Amino acid sequence: MKQKGVPEKKLMTAVLTAVFLILILCLCSTSAANAAIGLGIAPASITVSDAFKGGTYERTITVFNTGDETGTFELTAEGECADWISFYKPDEPDTPITEVTVPGKGKASVLVKFDIPADIANANYTATIYAQSIPENKGVEGAVAHAVIRIPSKVVIQVTGTQILKGTVKSITTADTEINHPLKLKVVFQNEGNVIAKPKIAVTITKTSEGVVIDRFVYEETGIKPGKEGVITVLRNTTGRDTGDYIANVTVSLGEEDELLATKDLHFKILPLGSLTRRGVLHGLTIEGKPLVNIVIKLVANFENTGEIDTMAKFKGEIYHEGNLLDVLESDEMFVEAGETANLVSYYKILEPGSYTIRGRVLYSGKETEEKEVSFSVPVPEVETKQNASNRSVIPGFEAGLTIVAIALVLLSLFMSKHKHEHEHEHKHEKRKRR
C-alpha cells in the first residue's frame, strides 16, 4: 500500500511544480512587456529665480522615449504651485496640451509656462512635473491594469516683490530693400530681468548724398519675456523715397530713465523695384498624425526663402485617392523673411481607407517651386467588439498561461478524486478480508 502511494505522490508533486512554473513564466512575460516601456525627462529640476508677481515665465523640458515603439505620455503637475503650470508645444505656444507623443528611441520638447499670481506673498514655492506612460487599455471596461512609469522633474519658483528691468542688445542689423518695400531693422535683445521688457528703439534716417535727416521715429511695442532672447523687427515704409544710399542711426534704451543699451549706424540702399532676386525652395512634404479613417491629418510644406527679399508664400496641392483626384489643399498665406524657412500647414479629414498621394507646390512673389509629393496608406477600420477590447486588455502572456493552469488544475482534481475513490475501495476490501 505504501509503495503504491509513492509514485502517486510524485505525480502530484510534478503537476503542482508544472503549475508553479507556468505562473512564473507568465509573470516573466509580463515583466518583459513592461520593461519595453522606457521614459525619461530632463532637466531633473527647474528653478525660476526672482519671479515677479503677475509675471509669466517659460522653460523647456525634454521627454525621452527609450522604448522601441512610439509612445504617448501624460503631462501633469502636483504640489503647492501646480495650478501655475501649463504645457504647450514649442511651435504652438498658445494651445495647451496634456500629453505628448514621442517616437521610439526619440525625444520631444515641451514648453512649460509658469503664470505667477499677482496676490501672493514673497516666498519659495515648489511643485513637481510628471511625465507618465498611458496604458493602451486605459478606459476599457474590465481591463487589467498595466504598470505605469512616472518620472518627475522638481520645480522651485522664487517669488520676489522686486521688479528687475535689465537686458542686453546682442545685435542691430538691416539689409538693402527695394522702393515701395519696407525697410527692415532687426534688434536681438536678451531679457535679463524678471518682468517683460519693451526696449525703446529710436531711429534717425539720413540720405548719404544730402546729409540731411529725412525720417525719425521711435518703436517700443514688442515685449520680450523674462529670461528669453528675442528678435525685435521694425518695419518702415519706403514709399515715396528716392533710390540711393542711406544711413540709419539706431539707439536702443530701456526703462523709464531710458538707460542706453546700444547704438549703431547702419548703411543700406533703396534699390529700383525688381533689383533683388526672388527665389524659393520647397524642401518636402510631411504628414503629421496617424492616417486613419475619420482622423484629420496635418500636411506640412517646408519652404525656404532663398532670395534676397521677403515674400508671401502659400502652399497649393491636390490629393489623390487610389490614383484618382479627390480634393484640393491650400494653406494660409505666410510672410517668410529672406533667408528664413517656414512650415506652411494645411489639413485634411480622411473619410475612407486606401492609398493616398498628395502633390503640390508653393506660390511666392509671382513664382512657384518645383512640385513635391508624399504618399501614405489608410487601413480599413477594425470592427472591435466589447469582448475583443476586453480580451486585448489582459496582461500579455496571461491568456495562454491561465488556460494551461486551468487544464492542469482540472487534471489534478480528477487525479485526486480517482485516488480518493481507489483508496476508499481498497479500505473496504481490507475490511472484508479481515472479517
Side-chain angles (χ1 to χ4, degrees), residues 163-193 195-226 228-280 304-313 333-342 364-367:
Q163 174 177 297
I164 301 174
L165 191 59
K166 183 180 179 183
T168 302
V169 175
K170 298 293 188 69
S171 66
I172 306 172
T173 58
T174 191
D176 295 341
T177 188
E178 292 180 356
I179 195 166
N180 297 332
H181 280 262
L183 171 69
K184 182 171 60 180
L185 304 166
K186 284 187 174 183
V187 176
V188 179
F189 178 80
Q190 174 71 49
N191 187 348
E192 299 171 344
V195 293
I196 293 177
K198 292 186 176 181
K200 180 179 178 180
I201 302 172
V203 181
T204 301
I205 298 178
T206 304
K207 188 169 184 181
T208 306
S209 60
E210 300 175 1
V212 296
V213 174
I214 63 166
D215 196 5
R216 183 181 280 115
F217 62 94
V218 174
Y219 179 92
E220 49 184 337
E221 299 176 15
T222 301
I224 306 298
K225 294 178 180 179
K228 291 292 182 179
E229 178 183 294
V231 179
I232 302 173
T233 301
V234 182
L235 301 178
R236 193 64 171 178
N237 192 2
T238 63
T239 302
R241 302 296 179 189
D242 296 330
T243 59
D245 296 333
Y246 292 82
I247 299 175
N249 174 259
V250 182
T251 299
V252 183
S253 57
L254 187 64
E256 295 180 359
E257 299 180 359
D258 286 340
E259 177 189 356
L260 181 62
L261 301 181
T263 183
K264 190 172 184 180
D265 286 335
L266 302 174
H267 294 262
F268 67 95
K269 296 178 184 292
I270 296 180
L271 303 168
L273 192 62
S275 299
L276 300 175
T277 58
R278 276 85 168 157
R279 288 192 301 264
E304 181 182 2
N305 182 357
T306 57
E308 298 174 322
I309 194 167
D310 303 338
T311 187
M312 300 298 293
E333 194 170 39
M334 181 179 289
F335 178 77
V336 186
E337 297 184 30
E340 298 296 324
T341 299
Y364 67 99
S365 297
K367 297 186 175 184

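From a predicted model like this one, the values you see are computed outputs, not experimental measurements.
- Under the side chain to side chain contact (heavy atoms under 4.5 Å, CB included) test applied with L183, the options I205, L235, L266, V234 reduce to a single match, I205.
- Identified under the salt bridge (Lys or Arg N to Asp or Glu O under 4.0 Å) test for residues 247-262, with sequence neighbours left out: K200-D258.
- What you find for Y364 and G280 is that their closest heavy atoms are OH-N, 2.9 Å.
- A distance of 12.5 Å separates CZ of F189 from NZ of K198, quoted to the nearest 0.5 Å.
- Going from atom OG1 of T208 over to atom CG of D245 covers 5.0 Å, rounded to the nearest 0.5 Å.
- With a 4.5 Å cut-off on side-chain heavy atoms, E308 and T277 count as touching.
- Rounding to the nearest 0.5 angstrom, the gap separating the CG atom in N191 from the CD1 atom in I224 is 7.5 Å.
- What you find for V203 and A248 is that their closest heavy atoms are CG1-CB, 4.4 Å.
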Expected list for residues 165-176: side-chain donor-acceptor pairs under 3.5 angstrom, two or more places apart:
{"unit_1": "T168", "atom_1": "OG1", "unit_2": "E192", "atom_2": "OE1", "d": "3.3"}
{"unit_1": "T168", "atom_1": "OG1", "unit_2": "E192", "atom_2": "OE2", "d": "2.8"}
{"unit_1": "K170", "atom_1": "NZ", "unit_2": "E229", "atom_2": "OE1", "d": "3.0"}
{"unit_1": "T174", "atom_1": "OG1", "unit_2": "K184", "atom_2": "O", "d": "2.8"}
{"unit_1": "D176", "atom_1": "OD1", "unit_2": "K269", "atom_2": "N", "d": "2.9"}

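- Between T243 and P272, the shortest heavy-atom distance links the atoms CG2-N, 3.8 Å.
- Of all heavy-atom pairs spanning G307 and A338, the tightest one is O-CB, 3.6 Å.
- By the salt bridge (charged side-chain N to carboxylate O under 4.0 Å, His left out) test, E178 is found to be paired with R278, residues two or more places apart in sequence or in another chain being considered.
- When each of L273, T239, D310, L271 is checked for a side chain to side chain contact (heavy atoms under 4.5 Å, CB included) with H181, only L273 meets the rule.
- To the nearest 0.5 Å, the span separating CZ on R236 from CZ on R241 amounts to 8.0 Å.
- Rounding to the nearest 0.5 Å gives a distance of 8.5 Å between CZ of F268 and OG1 of T177.
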- Query: Please walk me through it: do L185 and V187 pass side chain to side chain contact (heavy atoms under 4.5 Å, CB included)?
  - Reply: CA-CA 7 Å; L185 304 166; V187 176; 5.8 Å; no
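- Qualifying side chain to side chain contact (heavy atoms under 4.5 Å, CB included) partners for S209, counting only residues two or more places apart in sequence or in other chains: K207.
- Pairing each heavy atom of G193 with each of P226, the nearest pair is O-CB, 3.6 Å.
- Among pairs with a residue in residues 197-217, none fulfils ring pair (Phe, Tyr, Trp, His ring centres under 6.0 Å), at least two apart in sequence or across chains.
- Looking at residues two or more places apart in sequence or on another chain, you find no salt bridge (charged side-chain N to carboxylate O under 4.0 Å, His left out) involving K367.
- Here the side chain of T263 pairs a donor or acceptor atom with the backbone of V250 at under 3.5 angstrom.
- Once rounded to the nearest 0.5 Å, the distance linking OG1 of T251 with CG of L261 reads 10.5 Å.
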Which is it for D242 and I270 under the side chain to side chain contact (heavy atoms under 4.5 Å, CB included) test, yes or no, and what are the steps along the way? CA-CA 7 Å; D242 296 330; I270 296 180; over 6 Å; no
